[in-house]
2 protein chains.
Amino acid sequence: MRPENTAQIRQLELFAKVSEETFRALTETSFLQRFPRGVVLIRENEPADFLHVVLGGAVEMFAGTETRETTLDIIRPIGVFILAAVLNDEVYLQSARTLEPSDIFMIPAQKVRFAMETDAAFARAIVMELARSYRRTIKDLKGMKLRTGTERLANWLLRADKEQGGSGQVEIRMEKRTLASRLGMTPENLSRAFSTLKSHGIEIDGSKVEIVEPAILIEFARPDPLVDDPEDPFPAADGGTNRKDAQIADRGQRGQ
Amino acid sequence: MRPENTAQIRQLELFAKVSEETFRALTETSFLQRFPRGVVLIRENEPADFLHVVLGGAVEMFAGTETRETTLDIIRPIGVFILAAVLNDEVYLQSARTLEPSDIFMIPAQKVRFAMETDAAFARAIVMELARSYRRTIKDLKGMKLRTGTERLANWLLRADKEQGGSGQVEIRMEKRTLASRLGMTPENLSRAFSTLKSHGIEIDGSKVEIVEPAILIEFARPDPLVDDPEDPFPAADGGTNRKDAQIADRGQRGQ
DNA sequence: CGTTTATTTGAAAACGCTCAAGCTCTGTGG
DNA sequence: CCACAGAGCTTGAGCGTTTTCAAATAAACG
């Protein structure tokens, strides 16, 4: 099963610069599969067998203990997941399930590792992809440790608005309980957080949120590029400079 | 300034397999510097100028907003920090300060990027290092989202005991407030968490903790390899299998 | 429509934070 | 050697946040 969608995959930055030979090696035993909504694609603690590429739909990365569960990320096209586990030849740290009917391209892990060994361009692309994912996760961790749930929601709204065109009309494209879990809170708490934000410039109607007074929401959210900005898929070529001015007292107050 | 310590750096897995030429290029304009305790080495939001290697002492990675601050990691020899920012040619997401007098080896960022482009072995080593750091951060994030502060402390104790030989005698090798921040809580809360754990198999005297009844502490902590195990510096070559058996209800409860 | 599922609301409890005071340890100067 | 200052840690009280449990409402689906 080797569809024409390889062209689509070729466009992924991860594969854009690899040699034709490497690309063929990576894709010839790979396959594209369409899954319905709610299917668990991988489970944490299983050995990493495939690199997964999301070509359509949406995939929720989650993890849990016996009693608790949390959403770590949501991957939309075109995105890759569990690259780190594949490279380290380790077990997955996260599980994945489809949130919508999704097209998933699966590449055998050993092909990925082999290609990384033999194709320098691929190795470099992997480095960039990994570094990006890593930085995104650090931002999430900072958000969890430095902010309250309501603040995370406010910043999530600002970012979602940007991604959806900046019209001020934000559509929540997932179940609210999934969003809650993504933001590290309970569904009940998310609901209350939305209520709270009504007095900070938003109106909400079902899955549609309107940012009525952006300035007020921003005032409340205090967005920080070092927490909220998406990792740029094409980082500055010049040596990024001047964003906000860091002002951290050398031994200022601690604590959450 | 190009000390004999290059031998020490050579041993770092990151540099072990690079060509002699690459290694020379990386180290010839680098320098080793000894810093006293409490020095801020880098600040978040500054452009990434150097890759830092900790050869002695300890370095705290932290980040903050105007009013809050949190410790994200503590790096001890021999460890590297802010590799991702260097590779992405981006600003740092974290600040760093020495917790003790520390020996830091600094390699110009552009040398690192150039070496990655030209030396495939180095690129591969970077991939492994990045993947490892990434997975560690995901484990931290999972810990933050899935556990209470006291649970994090209990698991931290179990891990520290392992790292210190498994004698049951754990020495806290940093200020408690730093540990508190690392674990995502206030110093007061850490103090209370220790008190709580007294009834779960530990005794504490200053910076020394004794795990008197490991079974009881483990019972409380419920350690999970997918959250607590350190990322193995030399991942299994066989394709890791059989750890615990993942048992996650496909759409089980969410929360926290 | 009726049934199921998701969301919201309410109340109580657990958790974590802040502020304040007291305690301990350490290092310094008398 | 002791007294004292400073820093770190602990303890207590109060409060705000978040979770949990329960129930009501709303939405989705056949």
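Residue numbering restarts at 1 for every chain, and letters A, B, ... go by the order of the sequence lines. Computation of the quantities below employed the complete heavy-atom set of this structure, encompassing side-chain atoms and omitting hydrogens, waters and symmetry-equivalent molecules.
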Chemist: Which is more 5' along DNA chain D, the nucleotide nearest A:T150 or the one nearest A:D205? Just name the residue.
Modeler: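 The residue mapped nearer the 5' terminus is A:T150.
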Chemist: Over all strands shown, is B:G149 touching base, sugar-phosphate only, or nothing at heavy-atom distances under 4.0 angstrom?
Modeler: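 Since only primed, P, OP1 and OP2 atoms lie under 4.0 Å of B:G149, the category is sugar-phosphate.
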Chemist: Among C:dA6, D:dC9, D:dT19, find the nucleotide with the atom closest to the side chain of B:R177.
Modeler: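 Nucleotide nearest to B:R177's side chain: D:dC9.
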Chemist: Below 3.5 Å is the cut-off: list the nitrogen or oxygen pairs between protein and nucleotides 21-26 of chain D, distance only.
Modeler:
unit_1, atom_1, unit_2, atom_2, d
D:dC21, N4, A:E188, OE2, 3.2

Chemist: Under the side-chain hydrogen bond (donor to acceptor under 3.5 Å, both in side chains) criterion, do A:E69 and A:S181 qualify, and how do the steps go?
Modeler: CA-CA 8 Å; A:E69 183 180 308; A:S181 184; over 6 Å; no
Chemist: On the six-membered ring of A:F194, is A:K176 placed so that its NZ or CZ lies under 6.0 angstrom from the centre and within 45° of the ring axis?
Modeler: yes
Chemist: Nearest-Å distance, CG (A:N189) to C1' (C:dC15)?
Modeler: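 The answer, rounded to whole Å, is 13 Å.
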Chemist: Roughly, in whole Å, what's the span from CG in A:L153 to C1' in D:dT18?
Modeler: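 The answer, rounded to whole Å, is 15 Å.
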Chemist: Tell me, with the steps shown, if A:R192 and A:E188 meet salt bridge (charged side-chain N to carboxylate O under 4.0 Å, His left out).
Modeler: CA-CA 6 Å; A:R192 289 174 186 119; A:E188 296 94 325; 6.0 Å; no
Chemist: Whole-Å distance between C:dC15 C1' and A:R68 CZ?
Modeler: 12 Å
Chemist: Please confirm whether the backbone N or O of B:G64 pairs with a side-chain atom of B:E44, one donor and one acceptor, at under 3.5 Å?
Modeler: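 Answer holds: yes.
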Chemist: Could you check how far CZ of A:R147 sits from P of D:dT18, rounded to whole Å?
Modeler: 13 Å
Chemist: Between B:L190 (CG) and D:dT11 (C1'), how many Å, whole number?
Modeler: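 Roughly 14 Å, once rounded to whole Å.
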Chemist: Examine D:dT19: is either OP1 or OP2 under 4.0 Å from a nitrogen or oxygen in the side chain of A:T186? Give yes or no.
Modeler: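 Yes, because at least one side-chain N or O of A:T186 sits under 4.0 Å from OP1 or OP2 of D:dT19.
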Chemist: Do the non-hydrogen side-chain atoms of A:I75 and A:H52 ever get within less than 4.5 Å of each other?
Modeler: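 A:I75 vs A:H52: side chains apart.
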Chemist: Atom CE of B:M144 and atom C1' of D:dT18: how far apart are they, to the nearest Å?
Modeler: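 Going from B:M144 (CE) to D:dT18 (C1'), I get 13 Å.
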Chemist: Between B:D73 and B:R136, is the salt bridge (charged side-chain N to carboxylate O under 4.0 Å, His left out) condition met? List the steps.
Modeler: CA-CA 10 Å; B:D73 205 356; B:R136 266 194 321 137; 3.1 Å; yes
Chemist: Distance check needed: C:dT7 P versus A:M174 CE, whole Å only.
Modeler: 11 Å
Chemist: Can you check whether B:S195 has a side-chain N or O nearer than 4.0 Å to OP1 or OP2 of D:dT11?
Modeler: yes
Chemist: What's the CG-C1' distance between A:L183 and D:dT18, to the nearest Å?
Modeler: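 Answer to the nearest Å: 14 Å.
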Chemist: Against the six-membered ring of A:Y92, is A:R43 placed for a cation-pi contact (under 6.0 Å from the centre, within 45° of the normal)?
Modeler: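 No, A:R43 does not lie over the aromatic ring of A:Y92.
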